[in-house]
Amino acid sequence: MMMRNRFDRQLEDLNDMLIQMGSMCEDCISNVSLALTGDRAETVKSPVTGMNERLMERVYTTDSGIDQMERDIEALCLKLLLQQQPVARDLRLISSALKMISDMERIGDQCSDIADIVKVLDKTNIRELESSVHIQDMATATMKMVTRAVDSFVSKDLVAARGVSAADDNVDELFDKVKNEISRLISKYPEKGTSLLDMLMIAKYFERIGDHATNIAEWVEFSITGEHVKMN
């Protein structure tokens, strides 16, 4: 009984760590999104100044924290596997957590990749172009997907996990809108082509973040049902 109580406490620790890692992913997406939209009063000479620099520094710092969380959760999962001899359901939960943190680590990396583009992006050149609005919508949608996927794991909510797939369909639709917009805008404003292609790359990273959130939800379903079903 004492061993099981200790095991249950460690599982609670695992849940808490996953919630924290998911929250860090949300922060990464939120901060890089704010850095992307920026302050509309920024000067033409230096589009990445002040608040934007601080936001991007937070993205890089949080990404490093996510990497550390991945290592810490891996260590806890291995301890649970080696020391506690979990039963089948617990084994599914632990193995799912190991898969989930890999996707969350990639989310942090992709936020850093977006920040790298924002550093050199001439936002003053495209600030008024409508594609940026849909990219912001993509950022908001992907952040909600990550939150829902991690929460569904902690609450063992199969319905919520499956709902992530529907949200990913929305992100994919937004990405298609951005592609169509950028294609049209490049024809209309060829001098803005480089900046517009940078925006397309950012949109692609957000689309990939949505895919990672869907992967997380798939592993949630596996942890509950024992079946790994591809949602897309």
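This one's a predicted model, so the numbers in the text were calculated from it and none came from an experiment.
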Practice item. Could you pull out the closest heavy-atom pair between Thr142 and Gly210, with the gap in Å? Key: CG2-N, 3.8 Å
Exercise for review: Search all heavy atoms of Ile66 against all heavy atoms of Cys28 and return the closest pair with its distance.
Suggested key: CD1-SG, 4.2 Å
Check your understanding: Would a 4.5 Å heavy-atom cut-off, applied to side chains only, mark Ile114 and Ile117 as touching?
Key -> no
Review point. Taking all atoms of both residues into account, what is the closest heavy-atom pair of Ala160 and Asp157, and its distance?
Key: N-OD1, 3.0 Å
Check your understanding: CD/Glu105 to CZ/Arg71 distance, rounded to the nearest 0.5 angstrom?
Key -> 9.0 Å
Check your understanding: Tell me, do Glu74 and Glu70 make a side-chain contact under 4.5 Å, heavy atoms counted?
Key -> yes
Point to revise | Salt-bridge contact Lys119-Asp116 (side-chain N to carboxylate O under 4.0 Å) | key: no
Point to revise | Intermediate values then yes/no, side chain to side chain contact (heavy atoms under 4.5 Å, CB included), Leu93 and Phe153 | key: CA-CA 9 Å; Leu93 186 150; Phe153 177 82; 3.8 Å; yes
Review point. So, do Asn170 and Asp137 sit near enough that their side-chain heavy atoms are less than 4.5 Å apart?
Key: no
Practice item. Compare every heavy atom of Leu80 with every heavy atom of Leu14, then report the nearest pair and how far apart it is. Key: CD2-CD1, 4.5 Å
Revision key, fill the gap. CD1 of Ile107 to CE of Met24, rounded to nearest 0.5 Å, is 12.5 Å
Point to revise | Non-neighbouring partners of Thr225 that pass side-chain contact (heavy atoms from CB on, under 4.5 Å), sequence neighbours left out | key: Leu158, Glu221, Glu227
Practice item. Could you tell me which residues satisfy salt bridge (Lys or Arg N to Asp or Glu O under 4.0 Å) with Asp109, sequence neighbours excluded, listed by chain and number? Key: Arg106
